Amino acid sequence: MLDNILGGFASIFAVGPILGIIAGVMIGIIFGAIPGISAIMAIAIILPLTFYVDPIIGITMLLAVYKAGIYGGSISAILINTPGAAASFLTAVDGHALTKAGKAGKALDISLYSSISGEMLATLVLIFVAAPISAISLQAGPVEKVFLLLFAFTVIGSLAGESIPRGLLSCCLGMLFAMVGMSTITGASRFTFGYTELMAGFTFTPMLIGILVMPEVINTIRRRKVPHHEMAITRSPNPADNRISWKEFRSVFGTVLKSSGIGTFIGALPGLGSSTAAFIAYGEAKRTTKKPEEYGKGSVEGIAAAESANNAVCGSSLIPMLTLSIPGDDVAALLMGAFLIHGLTPGPMIFFEHPDTIYAIFAGFLITDLFLLGIAKAGFKSFVKIASLRRYYIFPCVTVFAFAGAFTAGQNMDDILVLIVFTVLGYSMRLVGLNPAVFIIGFILTPFLEQNLDQAISIVGTDYHLFFASPFSWVFIALSIFFVYSSIRMRKKAANNAADGITKNPSATTSGEAVQIPK
Amino acid sequence: MDRRKLDVVLSTILIIASLIILTDDTLVEGGAESDLGSMFLPRIAAGLIIIFSATIGIQSLRRLLKRTEIDSLERIVTDGFSGIFIYIGIFIAYWLIVPHAGFLMTTPFVMFSVALLLGGRNWVPLIALSVVTPVLVFYGSSHFLRVFLPTWTLS
């Protein structure tokens, strides 16, 4: 493994990958910092640009956009109380309180250092854990893989949706759309209604941009009359308020480590994502701190906990994708699509078929943190200025990039129609509480499920009881039931807590300074 | 807008579509014989869609019939929807016109229209942005990505 890691570093230290990382970090910070544009949108828009470069450059660039985009979300959260991503909600609470107190520099600094610490730790875990897990998962045959995929569908569908039926319905719709076109197993054409254009199924990139990116543009257009918030870094006359000292960082380092661990663990579980990690880590930090009263009122430790946890998810969410072919969240699903487009099938075999490429990507993922630190620190003011551009400059460009990106996939105008149809579908799904990210995960995983199911049926023949002969099958069935049960309990508890909150403090829902969460 | 009504309509549509998938054999054409069959997984998905749609639809219908108070998740805010229709209209027009008028000719108008829709009134920077961006995208994609965006075909 050590040879592979060293080989990875040797591959990444070349002009192409380094330029890709620098470009990815800059794009990620800017897109992440613009309210209404998230890291996932940035990746989807940049994805077509990477089709024509080496996978090491292309994938590393996308991963740099991902890491920097998640961090960038904290900039708008701290400066204008508008998290670029839902995961930065808690950062907004404490960060904006510091901004109002004239300590924006301190908040931005601790957010950057904690984000990078969390990301580095999770990336190291990814590098050292992924290959051994993949060696174990190689033992799984088609029958076990079927149960593994069913487990993934159940967990992601039940945990990620607004409600369990809505999450699972989103997943099933994704599965159905994945089966349009020619079956890879039988060669039969399904749901094509005589249109030969549908024989190849829906093109992935336009569908992805339509489902995940364009609804955000539409949402911005719907809220076009909401006043624009100008971002600016307020400077305090006291220099200590404008930066974080080594002593201050050392005092919260324990929290950073613990929160990074929580984020890494949560990220490795499918379906939970960075928001859950941030909330759990923040809650744990508040529970164990000596100054719980500062939380929510400008706590440096609170920002450190939330940011290190939500950024740790970046690295660890790739663990299930690279070892089990299961994307843990929407960004991982998108990255899985990017890997597939570049001819790399995420899964245990990737460590044996493409060791040079995968370890180069890991090395790139790790050194992205150093570039993020340098670029973010050097260009805070410039990024804030660019991200403050008015939306009538930004969103016409996003529209054109989406159009060009969708066209790039197959160089035909039918893909633009796919983009339009899935834009409407993606926005409609959000309106009725269906989850577009779960839809995408269902869409991506269904071909794997069908292939493994076909092989499993061929193996067991008519002895269907053999499906349950392996202990793996029972383990995954039990895990699926456990996750659905715990999801039901979690939702009930959250509903009861909300009801208690309203009973105890009825004004909480109607007054107070609300944090704006992007929809 | 009450989302519960939409839930009932959507559930009904999805259940009908799923029933068609479960019963109509003409939805699949050709293909080799396999142990699994081409329509096995689509029909499993359709069966599950019926179950989940029915769950959502029945829950919403019950709440509608009981006239329970609408909560925040069940309310669809329709303010600003006119802008959405205009935007989708612009995009459809873009898709229809680009193959004939070309990317370079159409895109400035589309960018300018979207900027106007978003409330932009700074004419000079908007016009400059609307002209420069398509040129950069067009030449960038043809030179660096070898992607040739549609050109003028009216002559």
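Just so we're on the same page: letters track the sequence lines, and every chain starts at 1. The model shown is predicted, which means the values in this text are computed figures rather than measured ones. Basis for what follows: all heavy atoms, side chains included, without hydrogens, waters or symmetry-related copies.
Rounding to the nearest 0.5 Å gives a distance of 11.5 Å between CE of A:M179 and CZ of B:R43. Distance check: A:S428 OG to B:L10 CG gives 9.0 Å after rounding to the nearest 0.5 Å. Going from atom CG of B:L96 over to atom CG of A:L417 covers 9.0 Å, rounded to the nearest 0.5 Å. A distance of 6.5 Å separates CG of B:L41 from CG of A:L453, quoted to the nearest 0.5 Å.
Proximity to chain A at a heavy-atom threshold of 4.5 Å picks out B:A45, B:L48, B:I49, B:F52, B:S53, B:T55 from residues 45-55 of chain B, in numerical order. Within residues 108-119 of chain B, the residues having any heavy atom less than 4.5 Å from a heavy atom of chain A are, in residue-number order, B:M111, B:V114, B:A115, B:L117, B:L118, B:G119.
A salt bridge is absent between B:D79 and A:R224: the closest approach of a Lys/Arg side-chain nitrogen to an acidic carboxylate oxygen does not fall below 4.0 angstrom.
Residues B:D7 and A:R166 have side chains in contact (heavy-atom distance under 4.5 Å, counting atoms from C-beta outward). B:R3 is not listed as a side-chain neighbour of A:L431, based on a closest heavy-atom distance of 4.5 Å or more. Contact annotation: the side chain of A:T192 never approaches that of B:L27 to less than 4.5 Å [non-hydrogen atoms, C-beta and beyond]. Taking 4.5 Å as the limit, every side-chain heavy atom of B:S141 sits out of range of all side-chain heavy atoms of A:F407. Side-chain atoms of B:L126 and A:Y392, non-hydrogen and from C-beta on, do get closer than 4.5 Å to each other.
The local environment of CZ in B:R121 is crowded, with over 12 non-hydrogen atoms from other residues, nucleotides or ligands closer than 6.0 Å.
Of the listed residues (B:P42, B:G120, B:G83), the greatest number of heavy-atom pairs within a distance under 4.5 Å of chain A belongs to B:P42. Per-residue counts of heavy-atom pairs under 4.5 Å with chain A were compared for B:F103, B:Y94, B:F81; the largest is that of B:Y94. Contact tally against chain A (heavy-atom pairs below 4.5 Å) for B:I44, B:T133, B:N122: the top residue is B:N122. Most heavy-atom pairs under 4.5 Å with chain A, from the set B:P150, B:G140, B:S18, B:P134: that is B:P150. When each of A:Y427, A:F193, A:F403 is checked for heavy-atom pairs under 4.5 Å with chain B, A:F403 comes out on top. For the set A:V217, A:I221, A:L173, A:I218, the entry with the most heavy-atom pairs within less than 4.5 Å of chain B is A:I221.
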**OP:** Would you sort out whether B:F91 and A:L419 count as a side chain to side chain contact (heavy atoms under 4.5 Å, CB included), showing the intermediate values?
**Re:** CA-CA 10 Å; B:F91 219 104; A:L419 172 71; 3.5 Å; yes
**OP:** Could you give me the CA-CA distance, side-chain angles and deciding distance for A:Y52 and B:F144, then say whether ring pair (Phe, Tyr, Trp, His ring centres under 6.0 Å) is met?
**Re:** CA-CA 8 Å; A:Y52 304 90; B:F144 298 112; over 10 Å; no
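Looking at B:L14, the atoms closer than 4.5 Å to chain A (heavy atoms on both sides) all sit in the side chain, from C-beta outward. Contact of B:F138 with chain A is not made at all, since no heavy-atom distance falls under 4.5 Å. Proximity to chain B is absent for every atom of A:V53, based on heavy atoms less than 4.5 angstrom apart. Contacts between B:S60 and chain A at a heavy-atom distance below 4.5 Å involve the side chain alone, from C-beta outward. Interface remark: A:M214 contributes side-chain atoms only to the contact with chain B (heavy atom separation under 4.5 Å). Neither the backbone nor the side chain of A:F51 has a heavy atom closer than 4.5 Å to any heavy atom of chain B. Only the side chain of B:I88 comes within contact range of chain A, judged by heavy atoms closer than 4.5 Å. When heavy atoms are compared at a cutoff of 4.5 Å, A:L49 approaches chain B by way of both its backbone and its side chain. Contacts of A:L168 with chain B are made by both backbone and side-chain atoms, with heavy-atom separations under 4.5 Å. Both the backbone and the side chain of A:E450 come within less than 4.5 Å of a heavy atom of chain B.
Looking at A:T399 and B:Y87, their side chains do bring a donor and an acceptor atom within 3.5 Å of each other.
In terms of modelled atom types and a separation under 3.5 Å, the side chain of B:W95 and the main chain of A:M413 share a donor-acceptor contact.
Take B:V135 and apply the side chain to side chain contact (heavy atoms under 4.5 Å, CB included) test, not counting sequence neighbours, and it matches B:L104, B:Y139. Residues satisfying the side chain to side chain contact (heavy atoms under 4.5 Å, CB included) criterion with B:V28, sequence neighbours excluded, are A:A188, A:R190, B:S38, B:M39.
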